Every structure is written in structure tokens, then in C-alpha cells.
Amino acid sequence: MKYWLLKTEPSQFSFDDLWKSKTRTTGWSEVRNYQARNLMRDDMKIGDLGFFYHSSADPTGIAGIVEIASGPYTDPTQFDKKNEMGYDPKSKPDAPSWIQVDVRAVRPFPKLLELSEIRKLKGLSKMVLLQRGSRLSVQPVSAAEWAIICRAAGVSASAR
DNA sequence: GCCAACGTTGGC
DNA sequence: GCCAACGTTGGC
């Protein structure tokens, strides 16, 4: 089983929005970066866990834990002309460019673990999130990194 | 709002 | 296939 970090702008969609929704599950749509797509398509498996990260926010940081709840399937927003973020005129219905997976909220962190706090933790020097210029919206997280961050957040690494 | 870093596009 | 120009991301 693998671990991930998924970025979102909370002004668009926050962990709280997901947590308070009926099924606590949403399609992770509108990913428009090939590297991020390939990770979702090829490496994510149902049951993997992910950190839900708030970017472009004040403060930025990890808000909670989600579980990958489906395999990859076609992202419908790529064909939706009214979806400003998602619409991709180059993508054809018989050969879709973009996929999504479902994610389900598992638990919130007791409080947001801020990026500034994450930067202070030991053992995370290789973490993708902390690399200079890193802006991948779907990132792999190692088991060791996962454990360090869960401990700092005060939650069990098994997310229960 | 700034701007560094990165990804994408398109002319050649 | 190179690479300059452009667009986007995202922390500060």
C-alpha cells in the first residue's frame, strides 16, 4: 500500500467540505498535469491513504487524511465546456486525456498541520512537498514520511 | 501582488 | 528535437 499527498485550494474545495458531505467521497477531478495523472492512473490503488493538503491558503498545510476509494476512470469535466478549470478542447471522447479517482475522507487532523511546522520536522528532507520549486498536485509520500507527519499531527498512522 | 520555478506550446 | 516565449503554480 502506498501513501500520497493531494493538493487542493480550500477556497475551491476544502477538507471540511468533503468531511461534511453526505458520502465523504468525491471524484478527484480536474487534474491537468501529466505527471500527476500518471501517478493516479498507474500507481494509486484502492485503499491507499493520502494527506489532504491546502495550498494557496492562509495558512497552507495538511488538513486531514483521505483514502483512495476507486480505480482510475474518465474525468467528465474535460468535456464540460462550462467547466473553466477542467474543460480541455483537445481531449476527445473516444480517447480521453484525463482521469480521476474517488477519494473518501477518513479523518481530519485535530488541527491543520501547517507547512511551516512540517518544515521543522526531522526526516523529511526528501519529501516532495518540501523540494524547491515542487508544485506537483499529486505527490508520493514515503511510509517513513507518513509516520513522521501523523505523529506530529497527533493521529495514528493507520488513520484510525 | 511578486516572482521563481516549472510545464507547455509552437516556430523553425 | 531544440528552445524561446508564454502560462501556471504556489509560497511568501
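Just so we're clear, the structure is a prediction, and the values are computed from it rather than from any experiment.
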Partner residues of A:Asp80 under the side chain to side chain donor-acceptor pair (under 3.5 Å) criterion, sequence neighbours left out: none
Donor-acceptor pair between A:Ser14 and A:Asp16 side chains, under 3.5 angstrom: no
Covered region of DNA chain C, 5' end to 3' end, by chain A [heavy atoms, under 4.0 Å]: C:dG7 to C:dC12
Touch class at under 4.0 angstrom, heavy-atom based, for A:Arg119 against every strand present: sugar-phosphate
Side chain to side chain donor-acceptor pair (under 3.5 Å) partners of A:Glu9, counting only residues at least two apart: none
Close side-chain approach of A:Asp102 and A:Trp28, heavy atoms under 4.5 Å: no
Touch class at under 4.0 angstrom, heavy-atom based, for A:Thr60 against every strand present: sugar-phosphate
Short side-chain donor-acceptor distance under 3.5 Å, A:Ser91 and A:Arg32: no
